[in-house]
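Step one of this worksheet: look at the structure below.
In what follows, chains are A, B, ... by sequence order, proteins preceding strands, each numbered from 1.
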Amino acid sequence: MDFKLEVAKKISSLADMETEKAMELMEIPPQPNMGDYAFPCFQLAKVMRKSPNMIAKDLAEKIERDDIVEKAEAAGGYLNFFINKTGFIKHTISQILDQGSKYGSSKEGEGKTVLVEFSSPNIAKPFHIGHLVNTITGNAIEKIFKHLGYNTIKLNHLGDYGTQFGKLISAYKRWGNDEIIEKDPINELLKIYVKFHEEAEKDPTLDDEARLYFKHLEDGESEAIALWQKFRELSLKEFKKLYVDFNIEFDSYTGESFYSDKMPEVVEILKDKKLLKESSGAQIVDLEQFNLPPCLILKSDGATIYATRDLAAAIYRKRTYDFYKSLYVVGNTQALHFKQFFSVLELAGFEWAKDCVHIGTSLVKFADRKLASRKGDVIYAKEVVDEAVEKTLEIINSKNPNLENKEEVAKKVGMGAIIYTFLKNNMGRDIVFSWEDMLTFEGESGPNVLYSYVRGKSILKKAGNISGNADFSYLKTEDEFNIVKQLGSFKETVEQAAERYEPFVITRYVTDLAKAYNKFYNSHPILSAEEEVKIARLALTKAVCNVLTTGLGLLGIQTPESM
RNA sequence: GCGCUUGUAGCUCAGUUGGAUAGAGCAACGGACUUCUAAUCCGUGUGCCGGGGGUUCGACUCCCUCCAGGCGCACCA
């Protein structure tokens with residue numbers, strides 16, 4: 001039973017309005033003492049040609065009291081509903097305890113496949129903080145859609161192709177040392193790659209050599225392929241360490257190289273549709289009708305480019321997965337590229353182009369470049385994780401030195417802090433990175449939410465097995481009702497997060513829920529309350545912990561049992 | 001120059017499709033641990049919602065314009 005829907009039905013039956021329309025219009029009053037739901041009568045005023053005030057008053061008189069609505073009163077042009085608290089509390093908590101981790105899920109996604117492309121690091125390049133933001137965001141998006149019943153597929157579109165691999169092969173053959181590379185593959189490969197660039201400035205024949213090696217790679221020459229595979233595997237092994245830390249498993253690691261033989265078809269399709277045009281020796285698709293700059297398909301030397309690869313990948317994915325939606329979680333800075341590439345798909349007659357969505361993740365900037373990193377001008381993902389876990393361990397040692405599995409807990413909490421920080425605000429803004437913000441564990445922070453959870457868990461543990469059913473009429477305080485109201489809006493919250501492609505909606509939700517529970521926790525005893533009250537409050541606590549776990553889980557944050 | 005995006009409290013940010021007195025955290029000050037983990041809670045105040053027009057019963061929200069920051073504008077990805 002959905003209380004909001006029931007109220008909407010009542011309005012619908014009394015006023016000349018569809019239930020759905022009433023649902024849309026209904027809001028939550030700014031002050032809790034004004035009611036639980038509010039229906040604005042301003043739109044009705046036009047149709048009924050009466051003042052909103054009058055309409056609200058008329059309706060208020062006609063609304064009958066029952067186990068849904070306790071009372072309805074007119075205020076200004078609003079009709080404010082006070083729902084039957086006991087009924088609502090009982091219904092909500094029972095539902096949560098019944099459904100467990102399924103609470104807030106839905107069937108809207110049944111039978112629909114959603115692809116989520118994210119992370120996509122470049123082979124032999126370090127995984128920096130920008131990749132981390134992207135990885136964390138994509139992971140949350142995927143989990144949110146999965147919770148709504150969609151069949152989700154996680155794609156890691158590795159940057160494993162391109163002329164830079166010719167350079168890397170050349171560099172490796174000159175200066176590569178397997179022993180050092182085995183130890184620290186990515187940094188060492190990066191080092192020789194950088195050295196190659198330096199040397200190539202002095203000696204341009206190196207670039208010719210690199211081009212040759214890339215040609216070998218394209219032609220499938222065995223030595224080049226073997227080296228490329230080696231670089232790829234070593235890098236992937238490193239990346240996977242981080243994915244394991246964050247508990248992320250991809251369904252596919254087919255990167256750019258996978259599509260290298262699928263691009264001629266794209267060019268053929270575009271030719272057939274007469275979309276290709278020559279411009280300064282290159283082949284482009286004109287996008288003037290979309291008010292966009294042209295999309296480059298073939299370079300003037302006839303080679304393909306990233307747009308070509310993305311087109312090939314999109315077509316391949318549609319054939320392979322027949323997706324309902326294909327989400328590209330990629331940095332905001334590439335917005336134009338995606339607009340162009342989606343427009344080309346549309347021009348080529350693929351009606352599913354509208355199902356492709358670019359989710360632009362925030363750009364990470366530094367507040368103070370000097371303090372940006374201990375090592376150089378980029379911050380590595382590993383550096384951030386290590387720092388957060390270490391800081392967490394320090395705090396545990398000072399606040400709860402006898403805790404078991406300190407390391408394990410520190411990892412969960414520290415990484416939770418990072419995820420929380422990155423998914424705290426909407427993606428429209430840049431993230432200004434500062435160690436201070438990242439390692440603040442008070443107020444609106446991941447550890448704070450986890451702390452609320454852990455305290456609840458601790459109470460449940462101490463209570464042991466409770467016999468008998470809870471009588472929710474014992475939950476009489478305002479603080480308790482506020483928690484339940486919060487609990488009841490979880491499903492809407494998940495749906496909104498999916499609709500907006502914004503995980504921060506969930507972050508705010510768990511924060512508010514934790515806040516409501518903390519307030520209650522601080523002023524009402526649970527274990528020492530009278531038996532009936534205690535049982536009811538324990539059920540409430542269990543429901544809160546349940547929803548916190550689920551909500552945090554959607555963000556990719558794991559909950560420790562104690563901290 | 002063009003396009004996208006952001007501008008809300010000292011700082012970091014929320015503000016659902018236009019709605020009631022614009023809200024949180026941090027920072028500052030004061031208070032609450034013999035009581036379920038004080039990484040918590042309670043209290044104190046601050047806003048020409050970037051500026052100016054317009055639309056309407058009503059605008060932080062929609063439209064126009066200007067200002068400021070960020071990002072992007074084909075042979076890198």
Side-chain angles (χ1 to χ4, degrees), chain A residues 24-25 27-31 34 38 40 42 45-46 51-52 75-78 80 120 122 159 161-164 256 279-284 291-307 309-310 330-337 339-340 360 363 365 392 395-396 398-400 403 413 417 424-430 432 434 436-437 440-452 454-463 492-493 496 499-500 504-505 508 511-512 514-515 517-529 534 537-538 541 562-563:
Chain A
E24 273 178 40
L25 286 174
E27 24 184 291
I28 291 168
Q31 304 294 326
M34 298 167 96
F42 305 97
K46 283 184 186 163
S51 78
Y78 290 88
N80 291 338
S120 312
N122 293 319
Y161 195 76
T163 48
Q164 71 267 29
E256 293 169 357
S279 170
S280 328
Q283 296 291 317
I284 61 151
N291 203 18
L292 292 171
C295 183
L296 189 65
I297 303 292
L298 291 175
K299 300 196 277 190
S300 45
D301 64 358
T304 56
I305 193 163
Y306 57 102
R309 270 189 286 280
D310 273 341
V330 182
N332 247 330
T333 53
Q334 298 198 43
L336 178 60
H337 165 248
K339 271 187 194 167
Q340 290 178 301
L363 183 75
K365 299 195 307 182
T392 309
I395 294 178
I396 291 174
S398 71
K399 306 226 178 208
N400 195 0
L403 181 69
V413 177
K424 191 175 166 187
N425 299 132
N426 82 66
M427 292 184 241
R429 312 175 168 265
D430 298 339
V432 179
S434 85
E436 204 191 327
D437 291 349
T440 293
F441 294 170
E442 288 166 18
E444 290 175 343
S445 72
N448 177 354
V449 178
L450 290 175
Y451 184 66
S452 310
V454 160
R455 285 152 114 200
K457 258 321 210 205
S458 170
I459 289 174
L460 292 174
K461 203 172 153 193
K462 285 192 172 140
E492 278 178 60
T493 305
Q496 202 197 123
E499 202 178 313
R500 294 173 65 178
F504 90 93
V505 174
R508 291 202 89 83
T511 308
D512 289 342
K515 222 184 275 178
Y517 186 71
N518 286 340
K519 191 179 164 75
F520 162 71
Y521 180 99
N522 269 283
S523 41
H524 306 281
I526 298 171
L527 291 174
S528 59
K534 174 176 138 184
R537 286 182 178 171
L538 283 171
T541 297
S562 53
M563 64 190 266

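Residue contacts for A/Val505: at a heavy-atom cut-off of 4.0 Å it reaches no nucleic acid atom on any strand shown. Across all strands, A/Ser562 comes closer than 4.0 Å to base atoms (heavy-atom distances). Across all strands, A/Leu403 comes closer than 4.0 Å to no nucleic acid atom at all (heavy-atom distances). Nucleic acid contact for A/Gly428: sugar-phosphate only, since backbone atoms but no base atoms lie under 4.0 Å from a heavy atom of the residue. Residue A/Asn426 is classed as a sugar-phosphate contact, given heavy-atom separations below 4.0 Å to backbone atoms only. Within the 4.0 angstrom heavy-atom criterion, only backbone atoms of the sugar-phosphate kind lie near A/Phe504; the bases stay farther away. A/Pro40 comes within 4.0 angstrom of no nucleic acid atom, judged by non-hydrogen atoms across all strands. Residue contacts for A/Ala303: at a heavy-atom cut-off of 4.0 Å it reaches no nucleic acid atom on any strand shown.
In plain terms, the two heavy atoms of A/Leu296 and A/Ala282 that are nearest each other are CD1-CB, 3.5 Å.
Using atom C1' as the reference point in both B/A59 and B/G15, the two lie 14 Å apart (nearest Å). Atom C1' of B/U40 sits at a distance of 10 Å from the matching atom of B/C33, rounded to the whole Å. Across B/C2 and B/C13, the matching P atoms stand 28 Å from one another, rounded to whole Å. B/G51 and B/C67 have their C1' atoms separated by 7 Å, given to the nearest Å. Going from the C1' atom of B/U8 to that of B/G23 covers 10 Å, rounded to whole Å. Between B/G30 and B/U17, the two P atoms lie 42 Å apart (nearest whole Å). The P atoms of B/G25 and B/U44 are separated by 12 Å, rounded to the nearest whole Å. Nucleotides B/A22 and B/A9 are separated by 15 Å at their P atoms, to the nearest Å.
The side chain to side chain contact (heavy atoms under 4.5 Å, CB included) search around A/Asp301 returns A/Lys299, A/Ala303, not counting sequence neighbours. By the side chain to side chain contact (heavy atoms under 4.5 Å, CB included) test, A/Leu298 is found to be paired with A/Val267, A/Gln283, A/Thr304, residues two or more places apart in sequence or in another chain being considered. Listed by chain and residue number, A/Leu363, A/Lys365 satisfy the side chain to side chain contact (heavy atoms under 4.5 Å, CB included) test with A/Asp430 (two or more places apart in sequence, or in another chain).
Side-chain atoms of A/Asn426 and A/Arg500 include no donor-acceptor pair closer than 3.5 Å. A/Tyr517 and A/Thr541 form a side-chain donor-acceptor contact under 3.5 Å, judged by distance and modelled atom types alone.
Separating the OH atom of A/Tyr521 from the C1' atom of B/A32 is a distance of 14 Å, rounded to the nearest angstrom. Atom CD1 of A/Ile28 is separated from atom P of B/G15 by 15 Å (rounded to the nearest Å). Put simply, OH on A/Tyr517 is 13 Å from P on B/C36, counting in whole angstrom units. The nearest whole Å value for the distance from the CZ atom in A/Phe42 to the P atom in B/U56 is 17 Å. Separating the CZ atom of A/Phe441 from the C1' atom of B/A38 is a distance of 17 Å, rounded to the nearest angstrom. One can place CZ of A/Arg429 at 16 Å from C1' of B/C4, the figure rounded to the nearest angstrom. Atom CG of A/Asn400 is separated from atom C1' of B/U40 by 14 Å (rounded to the nearest Å). In this structure, A/Asn518 atom CG and B/C36 atom P are separated by 16 Å, rounded to whole Å.
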Extract from the structure each pairing of a protein N or O with an N or O of nucleotides 23-26 of chain B at less than 3.5 Å, listing the distance.
| unit_1 | atom_1 | unit_2 | atom_2 | d |
| --- | --- | --- | --- | --- |
| B/A24 | O2' | A/Glu444 | OE2 | 2.6 |
| B/A24 | O2' | A/Lys515 | NZ | 2.7 |
| B/G25 | O4' | A/Glu444 | OE2 | 3.3 |
| B/G25 | O2' | A/Glu444 | N | 3.3 |

Tabulated below should be each protein N or O lying under 3.5 Å from an N or O of nucleotides 69-75 of chain B; please produce it.
| unit_1 | atom_1 | unit_2 | atom_2 | d |
| --- | --- | --- | --- | --- |
| B/G70 | O2' | A/Asp430 | OD2 | 2.9 |
| B/A74 | N6 | A/Ser279 | OG | 3.3 |
| B/A74 | N1 | A/Ser279 | OG | 2.9 |
| B/C75 | O2 | A/Ser300 | N | 2.4 |
| B/C75 | O2 | A/Ser300 | OG | 3.0 |
| B/C75 | N3 | A/Ser300 | OG | 3.3 |
| B/C75 | N4 | A/Ser280 | O | 2.9 |

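Between B/A38 and A/Asn522, no contact under 4.0 Å exists linking OP1 or OP2 to a side-chain N or O. Taking side-chain N and O atoms only, A/Ser458 has a distance below 4.0 Å to OP1 or OP2 of B/U37. Here A/Lys461 does not reach the OP1 or OP2 of B/C36: none of its side-chain N or O atoms lies under 4.0 Å away. Between B/C42 and A/Lys519, a contact under 4.0 Å exists linking OP1 or OP2 to a side-chain N or O. Between A/Arg500 and B/G15 there is a side-chain polar atom (N or O) within less than 4.0 angstrom of OP1 or OP2.
Under a cutoff of 6.0 Å and an axis angle of 45°, A/Arg309 and A/Tyr161 do not form a cation-pi pair.
With the nearest nucleotide of RNA chain B identified for both A/Lys339 and A/Thr304, A/Lys339 has the one nearer the 5' end. Map A/Asn425 and A/Asn80 each onto its nearest nucleotide of RNA chain B; the residue landing nearer the 5' end is A/Asn425.
Looking at A/Asp310, its side chain has no donor and acceptor atom pair within 3.5 Å of the base of B/A77.
Panel note: side chain A/Ser528, backbone A/Pro525; no donor-acceptor pair is recorded below 3.5 Å. Panel note: side chain A/Glu444, backbone A/Thr511; no donor-acceptor pair is recorded below 3.5 Å.
Picking from B/A39, B/U40, B/U16 the nucleotide with the shortest atom distance to the side chain of A/Val413 gives B/A39. For A/Ile459, taking side-chain heavy atoms from C-beta onward, the closest of the listed nucleotides B/U6, B/U37, B/A20 is B/U37.
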- Dot-bracket summary - RNA chain B, pairs being Watson-Crick or G-U whose distances fall under 3.5 Å, with | when paired to another strand: (((((((..((((.....[...)))).(((((.......))))).....(((((..]....))))))))))))....
